[in-house]
Each structure stands twice: as C-alpha cells, then as structure tokens.
Amino acid sequence: MSPTDSRVERPLPPSIIQVLPAEPLLLMGAGPVPVPAEVARAGSLVINHLGDTMNLVVDRVKEMARYVFQTRDDKIFGIAGPSSAAMEMAVGNLLWPGRRALVLKMGTFSGRFAEMARGVGAQVELLEVPEGEPVLAEQVERKLAGARFDVVTLVQGETSCGVWTRELSQIVCLARESGALTAVDAVCTLGTMPLKKDEWGIDVAFAGSQKGLSSLPGVALIAFSEGAWQALQQHPGPRPHWCLDAQRAQEFWGNHAYHYTAPVTGLLALYEALRLICEETLEKRFARHGHSSLALQAGIEGMGLQLSIAREHRLNSVVAIEIPPGADGARARRYMAERFKVEISGAFGRRIVRIGQMGEQCRSPNLFRTLHALGMALAREGAKLDLSEGMAVMEEYLLQHAGGIL
Ligand SMILES: Cc1ncc(COP(=O)(O)O)c(C=O)c1O
C-alpha cells in the first residue's frame with residue numbers, strides 16, 4: 001500500500017460463534033449475570049418500537065417495575081443504556097448550577113454521583129467514609145445539621161467493595177426532614193433484597209437490568225416520586241441531556257409517543273425478567289438470595305478465607321473476599337476461567353475478588369462450581385485453605401436453611 005492510498009482493507013473476522021468459547025463461562029462476577037431461558041428468548045426478538053404491542057409492553061413493564069421498586073410512582077422509565085445512564089438521568093434532571101448535592105461516598109459507584117453532579121454544574125459536598133465502612137445515619141444527621149441540600153445521593157449496595165447501607169431508610173428519612181430529595185442507586189440490590197421505595201420515602205431509585213433483575217445488559221430502570229418530578233420541572237434550562245431528559249422520556253413512557261427508538265429487544269427481555277420476578281414473588285426471591293449468599297459466605301470462611309467486610313455491613317448481593325497474602329488475584333481469576341469456566345470479578349485495584357449473588361447466580365449448582373474453582377485457584381497460588389471443609393460447610397448450610405428454594 002502506498003502512503004497516499006486511503007483505501008481501508010476489508011476485514012474478514014470469524015463469526016461470533018467461533019469467537020465465543022465453546023463452553024460458555026459461568027458469569028459469577030459483579031454483573032452481567034446469567035439470564036433465564038425465557039429472557040434470552042425474548043431478547044432475540046425485534047418488534048416495532050411504537051404501536052399497540054410496544055404500548056402493552058411498556059405499560060406492563062411499568063406495572064411490574066412498580067412491584068419490584070415497591071412504589072406507586074407514575075413516572076417510571078426504562079432507559080437505553082447502562083445503570084450509569086439512569087444515575088445520569090437522576091443527576092442531570094435534579095441538579096443544575098446553583099443547586100447543592102450531598103454525596104454519600106463509600107466506594108467507586110456512590111462516588112460517581114459526585115463526578116456527574118459537578119459535571120452539570122451543581123455544588124457538591126462529599127460525606128466520605130473509610131473504604132469498607134458504610135455511611136451511618138448519625139454521620140448524615142451531623143452533616144445535614146444547619147446545612148441545606150437540594151439532593152442527597154447514596155447507594156444501597158456499594159458493589160466495588162461489598163458494603164451494604166444498612167441504615168438507608170433512616171438516612172432517607174433524615175434527608176427528607178431536611179428538605180432534600182434523595183437519589184438511591186439500587187443497581188446491584190434491586191430484586192435481591194428489600195427496597196421499599198414509597199414506605200422509605202425515596203424520591204428517585206434506579207437499577208440496571210443486568211444484575212439483580214437477571215436480564216440483558218443495556219436497559220436501566222428509574223422511578224421518580226411526585227416531589228422529584230415537580231423539582232425537575234423547575235430546571236431553568238438549557239437541559240443538558242436529550243436522551244436522558246426525564247420530561248422527554250415521559251413522552252414515550254407516559255404518552256406512547258416517540259422520544260428515541262426504544263431498545264426493543266432489551267425491553268422484551270426485561271419484560272420477561274420482571275414477569276419471572278412477579279411469578280417468584282419478592283419474598284421468595286429475597287429468601288433465595290439471602291440463603292444463597294450466606295451459604296457461599298459460610299463456604300468461603302469454612303475453607304479458611306477471609307471475607308473483607310464486617311458481617312453487619314456486608315453486602316449479600318456482591319461478596320468481597322480478601323486475596324490471601326502472596327496470592328495473585330488476577331492470576332487466580334484467570335485460572336478459574338480457563339480451567340473451570342467460572343468467571344468472578346476483581347475490584348478496581350483493591351486486594352479483593354468479588355463473587356456476585358444476583359438473580360440466576362443464586363442457584364446451588366453455581367455455588368458449588370464457583371466455590372470449588374475459587375478454592376482450587378487460590379490453593380495453586382499458595383493459599384492455605386481446606387477446600388473440602390468449605391464445600392462441606394456450604395452443603396450443611398444449604399441443607400439446614402435452603403432446602404428446596406435454591
Ligand atoms: C452499585 C452500582 N452502581 C452503578 C454501577 C454502574 O453500572 P453500569 O456499569 O451498568 O453503568 C454499578 C456497576 O457495577 C454498580 O454496581
């Protein structure tokens with residue numbers, strides 16, 4: 001090719017079936033998670049993004065989402081994008097120059113609110129706790145005393161380090177009493193543990209589809225209270241987003257009119273994922289998640305490994321495990337994937353690995369396969385552990401507590 005030749009050569013890559021491993025990896029990381037067959041089937045269909053069928057899908061997705069969020073909110077939207085797009089919709093619609101946000105930061109994702117809020121010109125104050133600890137209600141109370149914030153942001157489960165905001169409902173109550181709206185990231189927790197949006201008085205809650213809902217990545221859900229809706233209508237403009245503008249989204253989700261071409265396959269898949277949750281019921285789903293995660297944690301500790309977060313603040317949806325001294329976490333994860341076809345997550349440079357307990361991950365065959373792969377991989381790294389004991393402890397937990405539900 002001469003230096004002036006501007007032709008771009010035609011690539012001839014292999015088909016995607018040849019690219020994918022013959023034996024799919026079991027996705028036991030922090031998401032995406034495996035999806036039920038019904039969800040996969042629905043996600044292979046394309047229909048028109050407008051019209052009677054889509055209108056029905058939209059109405060039913062909203063109805064089922066209300067159950068999952070435990071809310072009667074009218075303004076519920078699906079968003080074409082990752083969970084961060086929903087966070088961006090919350091931030092970009094409720095905050096603007098002159099507005100003040102208090103961001104409760106306990107890790108990577110809860111901290112992301114601050115970056116976004118600064119990006120739309122809001123004034124941001126951080127309440128940051130040491131890594132591995134949750135934000136507590138009394139800390140928030142002190143921060144709110146004598147101050148005025150328009151929005152308080154927080155996460156229910158900080159996936160990056162495995163911490164649970166146990167005092168979420170008290171924190172939301174304090175924020176509300178101070179006159180602030182609340183925006184809650186329920187990305188890894190929705191559908192895995194109780195979130196009572198209306199009872200707790202949360203103004204905006206959102207989640208992605210690829211975690212606790214066990215659907216395909218690429219669609220997020222968000223619900224706005226009436227108070228949040230009134231506040232966002234006061235935006236002085238110009239509004240920074242088009243796709244993520246809540247008032248424009250209401251055109252599609254409220255009026256069945258065009259906003260942008262909706263992610264139809266993702267919405268059909270989400271419909272099925274939500275339908276399966278309704279069929280299972282939240283109560284049984286939470287019990288399945290709780291027992292699955294506690295069984296896994298018992299197995300991990302039973303084999304001699306350390307969980308990274310104190311029990312009372314530990315997130316069940318994503319379990320963080322200390323990498324034993326001398327072991328290489330990345331190499332262990334690679335071995336798990338290559339040898340056992342089980343994939344778990346690292347943690348943005350922290351000395352932990354993370355195992356997801358969301359949706360279809362919470363099935364006993366997945367637990368045994370994952371615990372075995374983890375033990376084998378870390379033993380190869382020189383960690384002192386007793387894999388058989390860990391497996392026995394997990395089995396015992398399951399027999400005692402989770403007969404028939406996993
Ligand atoms: C708690 C939490 N918030 C936000 C995100 C961002 O989600 P996404 O990658 O779908 O944008 C994640 C992803 O892991 C998360 O766990």
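Order of appearance sets the numbers: ligands from 1, and atoms from 1 within every ligand. Keep in mind that this is a model prediction, so the values were computed, not measured. Starting from 1, each residue takes its place in the sequence as its number.
Using a cut-off of 4.0 Å between Lys/Arg side-chain N and Asp/Glu carboxylate O, Glu63 and Arg275 are scored as not salt-bridged. Electrostatic pairing of Glu125 and Lys143 counts as a salt bridge here, judged by a charged N lying under 4.0 Å from a carboxylate O. Residues Glu23 and Lys341 are not paired through a salt bridge, judged by the lack of any N-O separation under 4.0 Å between the basic side chain and the carboxylate. In this structure, Asp150 does not pair ionically with Arg100, as no charged nitrogen and carboxylate oxygen lie closer than 4.0 Å.
For ligand 1, the protein residues within 4.0 angstrom (heavy atoms only) are Pro82, Ser83, Ser84, Phe109, Arg112, Val155, Gly157, Thr159, Asp185, Val187, Gln210, Lys211.
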### Message
Working note: His313 + Trp164, criterion ring-ring contact (aromatic ring centres under 6.0 Å, His included); need CA distance, chi angles, decisive distance, verdict.
### Response
CA-CA 5 Å; His313 303 311; Trp164 170 40; 8.5 Å; no
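In terms of modelled atom types and a separation under 3.5 Å, the side chain of Arg288 and the main chain of Gly359 share a donor-acceptor contact.
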